[in-house]
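These notes are about the structure you will find just below.
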Amino acid sequence: MSARQKDLLRQVEYPESDGHPMGETDTHRQLMVDLIEALKTYFTAEIDVYVSGNLMCYYVEGDGSKSISPDVFVVRGVAKHERRVYKFWEEPAPIVVLEISSRKTRKEDFGKKKDLYAWLGVREYFVFDPEAKLRAPLRAFRLHLRTQEYLPTPTENYLRAEQEAARAQREAVRAQQESAHADQESARADRLATKLRELGLDPDQL
């Protein structure tokens, strides 16, 4: 990389806030704070474990628009000191990320964020719904390093099996309906043929 390119990279701004509130509700915000503090306490004795949350994390050097702000995350192999932002090209990816889900963020938590965390190499990803709107309020995903995709959880497997069973049932009902319709059409054709014969007509020649 040339000196000019390095200068340009140094001039890129990485904002410390995205302008969004820390949590949608008091419950979400307090839970985030409590989880961060609980994890900090748990890892107090480990000098190379960093715990944070609601921190702007940038994952493309030179592009201040490529960022994500996990609600709670844990990184191994780095110092505990406070950071204004987190840069993935300077320090390792978190080993754990936890998102506190809500009605507004649920789709993104299980879609865009899940895919991005897998791509970044986050080993374990948790989604917790404090409002219990999900069938399983806590979902956990573990990264399959070979494919860089999260393995399905038992809950996901169960839900997928339920969806497959429901789909199979719908197809069976549709097949029964189509069979009944075919029987009705056949019976109608038989009645018509009988009526034509009664009139002295050959239905095969009509």
Residue pair [X] / [Y], side-chain heavy-atom distance below 4.5 Å:
X: V75; Y: V49; answer: no
X: L143; Y: E124; answer: no
X: P92; Y: V78; answer: yes
X: L35; Y: F128; answer: no
X: V96; Y: F126; answer: yes
X: P70; Y: P94; answer: no
X: V127; Y: F110; answer: yes
X: E46; Y: R76; answer: yes

Inset, instruction - For Y58 and P15, indicate whether the former's side chain and the latter's backbone hold a donor-acceptor pair under 3.5 Å. - result: yes
Inset, instruction - Answer yes or no: is there a donor N or O on one side and an acceptor on the other, between the side chain of D71 and the main chain of I100, under 3.5 Å? - result: yes
State the [atom1]-[atom2] distance between [X] and [Y], to the nearest 0.5 angstrom.
X: L120; Y: K113; atom1: CG; atom2: NZ; answer: 13.0 Å
X: L39; Y: S52; atom1: CG; atom2: OG; answer: 11.0 Å
X: T25; Y: Q30; atom1: OG1; atom2: CD; answer: 10.5 Å
X: R29; Y: L31; atom1: CZ; atom2: CG; answer: 11.5 Å
X: D129; Y: H28; atom1: CG; atom2: NE2; answer: 6.5 Å
X: K112; Y: I68; atom1: NZ; atom2: CD1; answer: 7.5 Å

Inset, instruction - May I have the step-by-step check of side chain to side chain contact (heavy atoms under 4.5 Å, CB included) for V51 and F43, ending in yes or no? - result: CA-CA 8 Å; V51 177; F43 289 110; 4.0 Å; yes
Inset, instruction - May I ask you to check whether over 12 heavy atoms, not counting those of R83, lie within 6.0 Å of atom CZ? - result: yes
Inset, instruction - Count the heavy atoms of every other residue, nucleotide or ligand shown that sit under 6.0 Å from CD of E82, and state whether that count exceeds 12. - result: no
Inset, instruction - Assess whether side chain to side chain contact (heavy atoms under 4.5 Å, CB included) is satisfied between V122 and I95, documenting all intermediate values. - result: CA-CA 5 Å; V122 176; I95 57 171; over 6 Å; no
Inset, instruction - Look at the aromatic rings of Y14 and W89 and report parallel, tilted or perpendicular, splitting at 30° and 60°. - result: tilted
Indicate whether any N or O donor in one side chain lies under 3.5 Å from an N or O acceptor in the other, for [X] and [Y].
X: T44; Y: T41; result: no
X: D109; Y: S101; result: yes
X: E99; Y: Y117; result: yes

Legend entry - Centroid-centroid distance, W119 to F88, less than 6.0 Å: no
Inset, instruction - Run the numbers on R142 and Y150 for side chain to side chain contact (heavy atoms under 4.5 Å, CB included), then give the verdict. - result: CA-CA 5 Å; R142 179 165 292 169; Y150 286 115; 5.6 Å; no
Legend entry - Worked check of side chain to side chain contact (heavy atoms under 4.5 Å, CB included) between M56 and R84: CA-CA 8 Å; M56 296 297 291; R84 304 184 75 88; over 6 Å; no
Inset, instruction - Mind listing the closest non-hydrogen atom pair of Y50 and H81 along with its distance? - result: CE1-O, 3.6 Å
